[in-house]
Amino acid sequence: MAVGRNVARKDGFPKVAGSALYTDDLAFPGMLYGRSIRSPLAHGRIEAIELDFDRTGFTIVDCQDIPGRNVVTLLGDDQPCLAAGQVLHVGEPILLLAHADRERLLEARVEIRFQEMPALLNLLESDHSFKDILIQKGELEAGWSRADTIIEGEYRTGHQEQLYIEPNVVIAVPEEGGVTIHGSLQCPYYVHKALRVLLDLPPERIRVVARETGGGFGGKEEYPSMIAGHAALLALKAGRPVKLVYDREEDMIATTKRHPSICRIRSGVQDDGTLTALDIEVLIDGGAYVTLSPVVLSRGVIHASGPYRCPNVRIQGRALRTNTPPNGAFRGFGAPQTQFALEVHMERIAEQLRMDPVQLRRINALRPGDRNATGQVMGPDCSALEVLEEAVRRSDFHRKRRNHSGSLRGIGLSLIYHGSGFTGSGEVALNSEAALEVTEAGVRILVASTEIGQGTRTMHAQIVAETLGIPYEQVETDNPDTARVPDSGPTVASRTCMVVGGILKRCAEQLKERLGDRSPQQYFAEHGSLKVSRRYQRPEGLLWDEEHYRGDAYATFAYSCVVSELELDPDTYQVKPLRLTAVQDIGKAIHPILAAGQIEGGTAQGLGYALLEEVVMQGGVMANAQLTNYLIPTTMDTPPIDVHFVNRPYQEGPFGAKGVGELPIDGPAPSLVNALRHLGLDLRSIPATPERIMEVACASV
């Protein structure tokens, strides 16, 4: 048996031994180093560029050197690879330099003259929407008429920096008639597609190799297409390899972050706690260009009504443009923002009704057969009530809530769900492919899914080994290389296990039939290599109306309940988390320790989102782009986390597995803020810094 066991990680020994090669470990003969020259203004016209240095040995690239279209191809194709005529945000790249000597490269002075223009920095002042979405269910007026109480509130979340350990780094190597990219990235085929457009090259002339990647969290989903484009332009013009490495400050200033949000909720509720109506408005700050804002908004609004049944719902969402650096993918993809708002609002409902917050959620939680806001029928694996009850029991919630009353210790909870896989028809559009290849030693997995620390290679190998009935050690995995592996889609959206793992399971089933009673090694010895591939197949019965946002938004949902316990310092207003209980339903834990590690890491990241991580924007630029004053949780800040799995298998997932990567970041922030509410503090925005808590405490006196 391989599935359900804590087998040795496929990438474990090389990383522990130091033999695993990250991109910055690589060097190529004649390699140059690259540098991006960026805008210091949030909005302006470029009038002149002056190069105040000796150009000997330098390669210089501007927008006129681009052989294809000057766009970073993704959704809207509105973002230039290099600014042409105007800049729309601080840090926008204008010029590229490369040189063999890093010191000379950094010393090169470039003066850019601008005509400064007014900058729009507040999303509430923006009238330019990248995407509008409307979800409607039932009739709001009927819901208001049946309500005994109507409660309203506004909730805000700020930027969050992904802060992966390894900053962005890419090496571009010119090949005969093309280019090879080696990089720290999540989605090799995103980069491949973007370079085809930028460089005007056929697909076979572009190769993308995803090297060992030191963390991503969404920050290396779409942005590597930008840095890969810059490195490729320099390499092709110089005719030599170019390495482009961001230092921490550049990485924090220039790359995408979590979208700030404003959520306004109006709810109707009966005296017994039954929800009758929800009217929710979601605004997110997209920054200067589209990037992935429409799909972040999409996931955000679909999750905005939470794992609750309500007959009358309206959810309106807008992704707005500002003159700030573009925001993009971040673990959770919009759901942490909207579920934070709803869970804090649910706590306010319970408070106003003088009702136990557990009972309020118990009354309204989705059950199998219920319909959510898009009208999707919850399947038999719907476990909202089960995770709620287990978390309350394990944390001894009610006893502690009574005992902490009037003290400086608070306890709060949140109930969350998160869709697994791409939204709506997204997986059908991706048409993802995976393959298996018989080798002399066993079987090799061929997928584009990247290992970014979450255990992709290990988990995929377990699924294949279990299905074939061969030892786990006989399954080979490697870094994705677009010259060798099919496009199995991006490593995002809680899809790598459930979707790509599911395709691999079907590959293994097909291969098992072909092998008959022979082992892979026996087949190879008799016939040589054998390769089988399969594509994604949508489960029967799933229907999605993209125009009206109705139907089955996801194949299934994973569920979580987080209970947070904390203590507040009455003098400094510093919050000390004491314990977090995280009960999760991910269907089936393929590798229990790796799954628990995902939960612990996501919970700690959610703790930072809730209490510490404040991006300070001044004049459209991050003013605290250093690890000295952008604070993230360390081991000293992270309390014990009790992780427990409630397994309600999803019948279409490999061995019952659902998504796990994003679920754990949704719940900690609202549960921590609800624990502060238990202390009488009416916080409705995060991060809940001591300054913000003090302001709320003083206002309530």
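Only heavy atoms go into these numbers, but all of them, side chains included; no hydrogens, no water, no symmetry mates. Here, residue 1 is the first one in the sequence, and each next residue gets the next number.
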Given the ring of Phe330, does Lys257 sit roughly above its face, with NZ or CZ under 6.0 Å from the centre of the six-membered ring and within 45° of the axis?
no
Is the Lys NZ or Arg CZ of Lys220 less than 6.0 Å from the centre of Tyr164's six-membered ring, within 45° of the axis?
yes
Can a donor-acceptor pair be found between the side chains of Glu509 and Thr467 at a distance below 3.5 Å?
no
Looking only at side chains, do Arg196 and Thr73 share a donor and an acceptor under 3.5 Å apart?
no
Describe, in one word, how the ring planes of Phe28 and His182 are oriented to each other, choosing from parallel (under 30°), tilted (30 to 60°) and perpendicular (over 60°).
tilted
Examine distances only and state if a side-chain atom of Glu476 and a backbone atom of Arg444 form a donor-acceptor pair shorter than 3.5 Å.
no
Lys NZ or Arg CZ of Arg495 over Phe422 ring: under 6.0 Å, within 45°
yes
Does either side chain, that of Gln160 or that of Gln605, offer a donor lying less than 3.5 Å from an acceptor on the other one?
no
So is Lys658 actually on top of Tyr554's ring, under 6.0 Å and inside 45° of the axis?
no
For the residue pair Gln186 and Thr450, confirm or rule out a side-chain donor-acceptor distance under 3.5 Å.
no
For the residue pair Val242 and Ile171, establish whether any side-chain heavy-atom pair is separated by less than 4.5 Å.
no
Does Arg258 count as lying over the ring of Tyr609, i.e. NZ or CZ under 6.0 Å from the six-ring centre, within 45 degrees of the axis?
yes
Can you confirm whether Thr213 sits close enough to Leu185 that some side-chain heavy atom of one is under 4.5 Å from a side-chain heavy atom of the other?
no
Short question: side chain of Asp552, backbone of Leu543 - any donor-acceptor pair under 3.5 Å?
yes
Drop me the distance from Glu437's CD to Phe524's CZ, to the nearest 0.5 angstrom.
8.5 Å
Taking every non-hydrogen atom, the tightest pair across Pro520 and Gly442
CB-O, 3.4 Å
Between Glu386 and Arg648, is there a salt bridge with N-O shorter than 4.0 Å?
yes
Mind telling me whether His303 and His418 have parallel, tilted or perpendicular rings, with 30° and 60° as the class edges?
tilted
Is it the case that the side chains of Asp585 and Ser560 hold a donor-acceptor pair, with the cut-off being a distance below 3.5 Å and no angle test?
no
Which pair of non-hydrogen atoms, one from Ser449 and one from Val500, has the smallest distance, and what is that distance?
OG-CG1, 3.6 Å
